[in-house]
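Report on the structure given below.
Numbered from 1 within each chain, the chains take letters A, B, ... in sequence-line order.
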Amino acid sequence: MTGRLNGFSYLSFKALYSFHSVRLFFFFRLIDPMLHYVFIAAIASALVGSGYLSYIIIGNIAFYAAQIMIINFITMFRMERRFGTLELNIAAPMNTFVVIFRKSIVPLADGLFVFLFGLLIGQLLFKVNIPWDELGNLLLIVLVVTFSVLSLSLFFACLSLLFSNINLFLNLVLGGLQILCGVHFSAHLLPAWIESISRILPLTHGIEALRTLYGLEAYNVQSLLMKEALIGLGYLTVAILIVKVMEYAARRSGALVKSA
Amino acid sequence: METVIKVENLARSFKTKGQVKQAVDGISFEVKKGEVFGLLGPNGAGKTTTIKMLTTLLLPTEGRAEIFGYDVHLESHEIRKLINFVYGGERGVYGRLTATEYMNYFCTLYKIPRKEQRSMIAELLELVGLTEAADKKIHTYSKGMIQRLHISRCLINSPKLLFLDEPTIGLDPVGARMLRSLIQKLQKDGITIILTTHYMQEADELCDRIAFIKDGKISLIGSAKEIKRSSGHTRMFEAIVQMEEIEKIEKEQTISIHTMEELKQLFYSITFEVKMKEMDIHQIKQILSKYGEVVHVIQKEMSLEDAYISHMKELG
Ligand SMILES: Nc1ncnc2c1ncn2[C@@H]1O[C@H](COP(=O)(O)OP(=O)(O)O)[C@@H](O)[C@H]1O
Ligand SMILES: [Mg+2]
């Protein structure tokens with residue numbers, strides 16, 4: 001079973017993923033995130049001083065990993081449309097959600113790598129020191145956040161069956177996550193009704209837990225993790241529930257057979 | 001004979017920018033087991049839309065269609081197990097994969113047990129003559145090779161019914177010939193085939209029955225023979241005429257010119273249809289000689305293409 005899972009996921013990666021060579025991997029996964037963090041750090045220290053640096057770097061490491069995962073995953077479905085292979089995938093007897101899920105394995109691993117590598121860069125470049133004595137909890141947070149972001153990505157992948165070009169929407173959501181999830185400043189600073197939106201998005205609680213572990217804030221890590229995991233489960237459930245509806249609606253509107 | 005496809009008043013419209021486009025407009029037909037059924041018509045006639053509905057990827061807006069007795073609207077899951085399809089052109093492949101990887105991918109999608117995959121893939125690639133190229137990346141393939149790969153992909157689930165939408169489009173003559181003999185091989189194995197094509201000769205060669213479709217409507221169904229006969233094959237002629245001006249003959253009321261080709265200076269080969277039923281070669285010679293020196297006239301065997309052109313002209 002795992003062999004098959006790997007085979008299909010690996011072939012999807014090879015066929016559709018944004019990078020597929022060591023050279024591109026080196027650039028997109030090692031150089032590009034570093035440039036991103038340096039850029040953010042430069043702006044942050046210029047605007048609010050270097051005391052705030054660790055705070056904003058942590059938020060951005062989580063956000064950057066989430067962004068990588070969501071964009072790369074959704075791009076796979078755009079490519080399917082461009083290649084004219086989406087309908088071939090849908091027409092096959094394998095359950096559509098299973099197809100989507102198997103395609104998410106590589107973006108998931110990618111996001112996980114970017115997250116962990118980001119924490120390492122944080123330490124090396126910005127002296128945001130990894131709390132080694134809490135390594136177990138740190139890894140747990142990374143896993144839970146990656147899971148909740150994956151669930152959100154799966155939800156979008158299901159939507160992309162019906163909405164053949166969800167890029168605009170996706171960009172809005174990524175922008176939204178950046179503002180609402182406490183990436184640059186605490187979600188508590190938001191007006192209450194906006195914060196209530198933050199509280200049903202992935203990342204928000206995960207970033208708070210992460211900062212707590214780094215000693216930048218003082219929350220209850222366990223309860224934050226629980227909430228982050230529940231939010232992930234919520235999106236996963238919705239994704240599983242809507243996939244059939246989206247497929248049916250796409251057959252109805254003609255979106256399934258439309259190329260991007 | 002078992003009925004494989006039953007279509008009744010099937011229609012599909014699309015709404016784009018407030019306008020409603022009727023892509024398929026109430027078509028009906030049946031296809032029996034083992035038949036090769038051709039859908040012929042100009043671009044935009046509704047062929048692809050029809051196929052997408054029958055392959056359950058697009059819902060009809062009106063009417064109904066049954067595949068093996070299953071409803072395309074409600075029982076798509078059952079239908080998809082029994083059919084497969086190929087769209088012409090270079091779409092539908094992952095260029096970065098090799099043919100073996102591509103086949104592997106679809107074997108998994110079609111839940112072929114892992115143990116059987118390897119031998120099945122080797123067999124199917126052999127069938128379409130891609131064994132040598134099996135480990136080359138698909139983006140290096142010619143159009144003909146891509147089509148043959150599609151054929152091998154669509155056989156993964158041993159379908160009883162295949163939809164081939166312009167499978168020979170853009171292929172060179174050799175590639176098209178290979179594909180046609182492949183289609184004939186599939187037919188011999190008892191697979192029912194729905195084929196759309198622009199090439200009349202191809203349809204004539206492959207199809208047991210043909211439907212002409214235009215503007216979403218089917219206007220004629222029958223075997224190639226019946227269609228040729230119904231179009232009145234005695235009215236097609238071919239002539240070689242030496243003329244100064246070709247504009248005048250184009251205005252001649254008693255004939256309708258299908259093709260005109262300059263063989264060498266002032267010598268034209270013309271194929272045309274006479275509009276009145278009773279006219280012999282002698283009368284025709286007289287008419288043509290008004291416009292130039294008639295080198296020769298013969299009565300043509302009606303080809304499917306002639307029948308098609310004449311039929312489409314009638315439809316206007
Ligand atoms: N998804 C769609 N949205 C809007 N119009 C469409 C769509 N698909 C097809 N059409 C229109 O329906 C008509 C029939 O198209 P099609 O079935 O592709 O014709 P054919 O395959 O015979 O060339 C065309 O006018 C085409 O523009
Ligand atoms: Mg077409």
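Contact annotation: the side chain of B/Leu58 never approaches that of A/Arg252 to less than 4.5 Å [non-hydrogen atoms, C-beta and beyond]. In this structure, B/Lys52 and A/Glu87 have side chains that are in contact, with non-hydrogen atoms separated by less than 4.5 Å. Side-chain contact between A/Leu11 and B/Tyr102 is absent, with no heavy atoms from C-beta onward closer than 4.5 Å. Side-chain contact between B/Tyr94 and A/Glu80 is present, with heavy atoms from C-beta onward closer than 4.5 Å. Using a 4.5 Å cut-off on side-chain heavy atoms (C-beta onward), A/Thr85 and B/Val93 make no contact. The side-chain heavy atoms of A/Met94 and B/Thr108, taken from C-beta on, include a pair separated by under 4.5 Å. A 4.5 Å side-chain heavy-atom check between B/Tyr105 and A/Ser12 finds at least one atom pair inside the cut-off.
Looking only at distances, a side-chain donor or acceptor of B/Arg96 sits under 3.5 Å from a matching main-chain atom of A/Tyr17.
Expressed to the nearest 0.5 Å, how far CG of A/Asn95 lies from CG of B/Leu109 amounts to 11.5 Å.
Listed here is the closest heavy atom pair of A/Ala91 and B/Phe85: CB-CE2, 3.6 Å.
Interface remark: A/Leu86 contributes no atoms to any contact with chain B (heavy atom separation under 4.5 Å). For B/Thr56, the parts sitting under 4.5 Å from any heavy atom of chain A are the backbone and the side chain alike. Within the 4.5 angstrom heavy-atom criterion, only side-chain atoms of A/Val99, from C-beta onward, approach chain B. The contact between A/Leu256 and chain B is made entirely by side chain atoms (from C-beta outward), counting heavy-atom distances below 4.5 Å.
Of the N and O atoms on the side chains of B/Glu101 and A/Tyr10, not one donor lies less than 3.5 Å from an acceptor on the other residue.
For B/Lys217, the salt bridge (Lys or Arg N to Asp or Glu O under 4.0 Å) test picks out B/Asp25, with sequence neighbours left out. Annotation: side chain to side chain donor-acceptor pair (under 3.5 Å) contacts of B/Asn9 (sequence neighbours excluded): none.
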- Query: Run the side-chain contact (heavy atoms from CB on, under 4.5 Å) check on B/Leu97 and A/Lys14 step by step: do they pass?
  - Reply: CA-CA 7 Å; B/Leu97 300 186; A/Lys14 197 172 168 195; 3.8 Å; yes

I'd like to know whether B/Asn104 forms a side-chain contact (heavy atoms from CB on, under 4.5 Å) with A/Phe8, so could you lay out the CA-CA distance, the side-chain angles of the two residues, the decisive distance to 0.1 Å, and finally the verdict.
CA-CA 8 Å; B/Asn104 233 310; A/Phe8 186 79; over 6 Å; no

Handout entry: Verdict with supporting geometry, B/Arg80 and A/Glu247, salt bridge (charged side-chain N to carboxylate O under 4.0 Å, His left out)
Key = CA-CA 14 Å; B/Arg80 288 174 188 181; A/Glu247 194 182 322; 3.2 Å; yes

request  = Output, in order, the C-alpha distance, side-chain angles, deciding distance and verdict of side-chain contact (heavy atoms from CB on, under 4.5 Å) for A/Phe83 and B/Glu90.
outcome  = CA-CA 9 Å; A/Phe83 296 158; B/Glu90 282 157 286; over 6 Å; no

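Of residues 61-77 of chain B, those residues with a non-hydrogen atom less than 4.5 Å from any non-hydrogen atom of chain A are, in numerical order, B/Val72, B/His73, B/Ser76, B/His77. By a heavy-atom distance cut of under 4.5 Å, B/Arg153 are the residues of residues 151-169 of chain B near chain A, going up by number.
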